[in-house]
Amino acid sequence: MTCLYVLDVPENTPLVELSREQDDLKVRPVGPYWEITSDGPIVIDRRATGMRHAVWYSCVAGITRSRIAQWDKNALRLEES
């Protein structure tokens, strides 16, 4: 299971909302964070979120049971470690 944490701040709302729209992702609040989990890879398209680069590259607060396979101007991809 892959797991991503993002801080619950307005700047990260587009990422959280897009994650909620994906059937294979589960999103729930955990303290001051959003926990995004999946049984498979987590793939989030930056352009679909509308996030600017500076916000995009600061959105990851933590990961568990995962590794970042891609994090560039196009997408964030986490895979099970």
Side-chain angles (χ1 to χ4, degrees):
M1 176 178 285
T2 52
C3 183
L4 167 68
Y5 293 92
V6 297
L7 189 61
D8 184 8
V9 294
E11 293 84 355
N12 291 333
T13 299
L15 185 147
V16 174
E17 289 177 354
L18 183 65
S19 297
R20 283 186 175 139
E21 294 173 5
Q22 296 185 37
D23 292 334
D24 58 334
L25 302 181
K26 297 176 185 81
V27 180
R28 70 181 188 114
V30 176
Y33 302 97
W34 288 104
E35 179 185 69
I36 302 167
T37 59
S38 175
D39 290 331
I42 294 174
V43 181
I44 301 169
D45 182 282
R46 183 196 61 83
R47 291 183 184 118
T49 67
M51 295 170 75
R52 299 183 66 180
H53 290 114
V55 175
W56 177 249
Y57 288 117
S58 64
C59 70
V60 175
I63 59 175
T64 58
R65 302 178 300 275
S66 311
R67 70 177 188 86
I68 296 176
Q70 176 186 2
W71 191 10
D72 57 26
K73 67 180 183 176
N74 299 314
L76 172 61
R77 179 182 177 88
L78 278 78
E79 298 175 346
E80 197 168 350
S81 59

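- In this structure, Val9 is not a member of the same hydrophobic cluster as Tyr57, with clusters built from ILVMFWY side-chain heavy atoms closer than 4.5 Å.
- Taken from CD in Glu80 to OG in Ser66, the straight-line distance is 7.5 Å, to the nearest 0.5 Å.
- Between the CG atom of Leu15 and the CG atom of Leu7 there is a distance of 12.0 Å, given to the nearest 0.5 Å.
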Which pairs of donor and acceptor atoms, one on a side chain in residues 27-45, lie under 3.5 Å apart (sequence neighbours left out)?
{"unit_1": "Arg28", "atom_1": "NE", "unit_2": "Glu35", "atom_2": "OE1", "d": "2.6"}
{"unit_1": "Arg28", "atom_1": "NH2", "unit_2": "Glu35", "atom_2": "OE1", "d": "3.3"}
{"unit_1": "Trp34", "atom_1": "NE1", "unit_2": "Asp8", "atom_2": "OD1", "d": "3.0"}
{"unit_1": "Glu35", "atom_1": "OE2", "unit_2": "Tyr5", "atom_2": "OH", "d": "2.7"}
{"unit_1": "Ser38", "atom_1": "OG", "unit_2": "Asp24", "atom_2": "O", "d": "3.2"}
{"unit_1": "Ser38", "atom_1": "OG", "unit_2": "Gly40", "atom_2": "N", "d": "3.1"}
{"unit_1": "Ser38", "atom_1": "OG", "unit_2": "Gly40", "atom_2": "O", "d": "3.3"}
{"unit_1": "Asp45", "atom_1": "OD1", "unit_2": "Arg47", "atom_2": "N", "d": "2.9"}
{"unit_1": "Asp45", "atom_1": "OD1", "unit_2": "Ala48", "atom_2": "N", "d": "2.8"}

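- Here the CD atom belonging to Glu17 is positioned 13.0 Å from the CD atom belonging to Gln22, to the nearest 0.5 angstrom.
- Between atom CZ of residue Arg20 and atom OG1 of residue Thr13 there is a gap of 8.5 Å, rounded to the nearest 0.5 Å.
- Between Met51 and Glu11, the closest side-chain pair of non-hydrogen atoms is not below 4.5 Å.
- A distance of 5.5 Å separates CG in Leu78 from CD1 in Ile68, rounded to the nearest 0.5 Å.
- Screening Val16, Leu76, Val60 for a side chain to side chain contact (heavy atoms under 4.5 Å, CB included) with Val6, the sole residue that qualifies is Val16.
- In this structure, Lys73 NZ and Arg46 CZ are separated by 8.0 Å, a value rounded to the nearest 0.5 Å.
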